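Below: one structure, written as structure tokens.
Model, not experiment: these values are computed from the prediction. Just follow the structure's listing: the first ligand is 1, and inside any ligand the first atom is 1.
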Amino acid sequence: MPHKTIDALDPKGKRVLLRADLNVPVRDGQITDRTRIERLCPTIRELADKGARVIVVSHFDRPKGKRVPEMSLQPMAEALSAALHRPVAWADDCIGPEAEAAAAALEDGEVLLLENTRFHPGEEQNDPAMAAGLAKLAEVFVNDAFSAAHRAHASTEGVARRLPSYAGRLMQAELEALDAALGNPARPVVAIVGGAKVSTKLELLGNLTRKVQVLVIGGAMANTFLAAQGRPVGKSLQEAEMHGTARRILEEAKAVGCEVVLPSDLVVAPEFAPNPPGMRTVSAAGGVPADMMALDVGPDTVAGIEARLRRASTLVWNGPLGAFETPPFDAATVAVAQTVAALTQSGALKSIAGGGDTVAALRHAGVLERMSYVSTAGGAFLEWLEGKTLPGVAALEQVAGGRERRPEA
Ligand code: 3PG
Ligand code: MG
């Protein structure tokens, strides 16, 4: 590790601001996957057991600088307390008098959770005043939010420049595991990228084509590519303004010899609901009927992906292939996940998966424990793989002579 870890910190009696990523998947007010919470607990326990006063800070969802009651982190205090088996205090703001009073009231070994950082516009702007407000709460900063480290925000980057700053155990584990698995990956490398967050991931794909030999595109993102090639996509989720980008990515991939695998068939339905009437499989070439939407990739696409996986040595997977939360649109994701698990267990494939929805999908498929490594990060993991500097990591203090090893940009 080129960065200082909490091994270099004696936190006893100190107020420690701990940047966590509590941006967990939530559906109808219920947490659907607790992986990020569970993997954060060892750092909190270690710090608290050593006598730190732990102040946990995180963003949740994208409230865009305003207080959005449904995006409050308050329910997470209970979830965190249940996972830690110890009380977690709450403050209704992450900077200002209320946060300062709650931080000052902490005793050694106690834990406090602060309200969503993104309720303040200064968070995403990396506003120095916001970073100073956070720094005021504590004497040291520990960043355990690898999954948010690709954001140069006040609570990930700005505050780290204002306090002595250390990598938490989860941050440390993520960086070490990714470096071991992907610092110099065995080829061919296949990447599967899917999910619904289309525009934020499209740019990443361009860079990935230079890192991997096969790029499989699924989920809503595939619709944008198919539409960009002039295929009808009906009512499918897609981003028309990204067609130019999609075409450019396909050209770039061709130029560097990266094979891009788009769906050859799609499962379509008139509406997004469990087992909707009228559901059927169509060929991607023929396109999606005008009154239908694509909700999963079809069996022919799955067979094509599996054939590539059998020839691959390394798999990087971020994003489900279909709307896996709603059956039967989990079929392709589950089938591919099971093939990946089998190939991994046989020793033929090193499989690295990351991202909130991806973890939930792998858990749903029952194969979470059978991947080589599962990261809590999605976007950050892909940016790391591209060889980009992650601002939240770069802002941490280096150990003397420490040099970060990353895939070459
Ligand atoms: C994530 O879930 O990928 C991280 O928490 C970052 O969230 P963001 O994509 O809204 O910045
Ligand atoms: Mg993200």
Side-chain angles (χ1 to χ4, degrees), residues 18-27 31-40 43 56-66 68 70-73 75-76 79-80 94 113-127 130 143-160 168 170-171 174-175 178 193-205 208 219-221 239 316-320 324-325 352-363 374-386 388-395:
L18 177 67
R19 180 45 157 107
D21 188 352
L22 294 173
N23 189 25
V24 298
V26 171
R27 214 177 162 210
I31 299 171
T32 55
D33 190 90
R34 289 173 194 264
T35 308
R36 282 183 175 171
I37 298 175
E38 283 155 16
R39 295 198 39 198
L40 164 73
T43 305
V56 182
V57 67
S58 175
H59 74 284
F60 180 72
D61 212 327
R62 295 177 174 176
K64 304 215 162 80
K66 286 195 295 286
V68 178
E70 307 77 61
M71 295 182 193
S72 172
L73 271 175
M76 227 58 79
L80 194 55
C94 64
L113 175 63
L114 306 178
E115 182 58 287
N116 195 343
T117 52
R118 289 189 185 171
F119 283 0
H120 293 273
E123 163 70 338
E124 295 188 57
Q125 293 158 0
N126 200 0
D127 178 359
M130 171 94 185
N143 192 345
D144 226 11
F146 173 72
S147 48
H150 55 321
R151 309 290 181 216
H153 294 173
S155 69
T156 59
E157 206 272 351
V159 70
L170 176 54
M171 171 73 85
E174 293 270 22
L175 289 169
L178 291 181
V193 183
K197 280 187 190 175
V198 181
S199 51
T200 54
K201 277 189 202 164
L202 261 182
E203 288 293 341
L204 300 180
L205 294 184
L208 271 185
M221 201 178 313
E239 285 183 297
V316 181
W317 189 351
N318 173 269
F324 77 97
E325 310 92 332
I352 298 97
D357 283 341
T358 314
V359 172
L362 294 174
R363 195 189 288 279
V374 178
S375 172
T376 57
F381 157 66
L382 291 179
E383 290 197 20
W384 179 91
L385 184 70
E386 287 177 72
K388 281 196 183 155
T389 298
L390 305 183
V393 177

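Closest heavy-atom contact between Val359 and Ser375: CG2-O, 3.7 Å. Taking both residues in full, the closest heavy atoms of Gly65 and Pro121 are given as O-CD, 3.3 Å, listed atom of the first, atom of the second, then distance.
Within ligand 1, counting atoms from 1 as listed, the ones closer than 4.0 Å to a heavy atom of Asp21 are 4 (C), 5 (O). Close contacts of ligand 1 with Arg62, meaning ligand atoms under 4.0 Å from a residue heavy atom, involve 8 (P), 9 (O), 10 (O). Atoms of ligand 1 lying under 4.0 Å from any heavy atom of Arg151, numbered from 1 in the order shown and given with element: 8 (P), 9 (O), 11 (O).
The shortest N or O to N or O distance between Asp61 and ligand 1 is not below 3.5 Å. Between His150 and ligand 1, a contact under 3.5 Å exists for no N or O pair.
Going from atom CE of Met71 over to atom CZ of Phe119 covers 8.0 Å, rounded to the nearest 0.5 Å.
In this structure, Glu124 has no heavy atom closer than 4.0 Å to ligand 1. Between Ser147 and ligand 1 there is a heavy-atom distance shorter than 4.0 Å.
Between Arg19 and Glu123 there is a salt bridge, with a side-chain nitrogen of the basic residue lying less than 4.0 Å from a carboxylate oxygen of the acidic one.
At a 4.0 Å heavy-atom cut-off, ligand 1 touches Arg118 through the side chain alone. Within the 4.0 Å heavy-atom criterion, neither part of Lys201 lies near ligand 1.
The backbone N or O of Arg151 lies less than 3.5 Å from a partner atom in the side chain of Thr156, making a donor-acceptor pair. In this structure, the side chain of Arg118 engages the main chain of Asp61 through a donor-acceptor pair within 3.5 Å. Under a 3.5 Å cut-off, the side chain of Trp317 and the backbone N or O of Gly319 do form a donor-acceptor pair.
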